[in-house]
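Only one structure is covered here, and it is reproduced in the block below.
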Amino acid sequence: MDSYASFLMPDIPVSEGKLLTIRQHLGEVDGVAALIANLDKKDIRQGMELRLYTAEQRVEHGVPRVFFKVKKVKKNELVETAEGVALVGEEFADHNKGWALVLVDGERCSTQGIVTQCTLYEQYTSQEALLAAAKSHSSRKMKIELPSGIF
C-alpha cells in the first residue's frame, strides 16, 4: 500500500478554461441543502453541457484520500432561484464532500474550483502536525527548522 495522502479543501482546481467562471456556493433552497450557482438555465445553450464534479474525502487505513467523480447535469435537475440555478439535495450537506459545476462548450470550459465545508485538512496544518509528519516519514536524521510566524 502506498502512503500518498490527499485532502479536500476549498478552491481545489477542477477545470481551467476560457468560459466565464461560475460563482458557486453551498447554501439552502427551501430549507434543503443546495449547491447554488450564478447561472441561468438560458446560459446553457444548445450543444453545451453542465458537469458536476464531486470530490469525497475518505480516510482509508489511516491515510486521508480524495476521490473524484463526474456526471452530466440535466437542465431539469436545476432549480431556479433568485441567485441563479441550484442543485438541491441532502447530499450537499455532507461535510466530507465538495463540488464544482463546470460549463462545457465543445473544447472550451469554465474555470472552476471545489466548494466544500470539509475541514479535515486543518488538523494537518499545525506546526505539531508538520513536525510529526516529518519525523514519521524521515528514514534518516534531519534537522527541521520552521520559519517563525507561519503558524
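Since the structure is predicted, the reported quantities are computational estimates derived from the model, not experimental observations.
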Residues that, via side-chain heavy atoms closer than 4.5 angstrom, fall in one hydrophobic cluster with Ile22: Leu19, Leu26, Leu35, Leu39, Ile44, Met48, Leu50, Leu52, Val73, Leu78, Val85, Leu87, Phe92, Trp99, Leu101, Leu103, Val115
Connecting only ILVMFWY residues whose side-chain heavy atoms lie within less than 4.5 Å of each other, what is the rest of Val32's hydrophobic cluster? Val29, Ile36, Val79, Val88
Does [X] have any side-chain hydrogen bond (donor to acceptor under 3.5 Å, both in side chains) partners at least two apart in sequence or in another chain, and if so, which?
X     : answer
Ser15 : none
Glu80 : none
Lys71 : Glu77

Please name all residues satisfying salt bridge (charged side-chain N to carboxylate O under 4.0 Å, His left out) with [X], sequence neighbours left out, ordered by chain then number.
X      : result
Arg108 : Asp105
Lys41  : none
Lys69  : none
Glu49  : Arg51, Lys72

Which heavy atom of Ile114 sits nearest to which heavy atom of Ala55, and what is that distance? CD1-CB, 4.1 Å
Could you check Val102, Leu20, Val14, Val104 and say which one makes a side-chain contact (heavy atoms from CB on, under 4.5 Å) with Ser110? Val102
First locate atom CD1 of Ile12, then atom CZ of Phe68, and finally report the distance between them rounded to the nearest 0.5 Å. 5.0 Å
Can you pull out every side chain to side chain donor-acceptor pair (under 3.5 Å) where at least one residue sits in residues 19-31? Sequence neighbours excluded, please. His25-Glu83
Pairwise salt bridge (charged side-chain N to carboxylate O under 4.0 Å, His left out) hits with a residue in residues 9-22, at least two apart: none
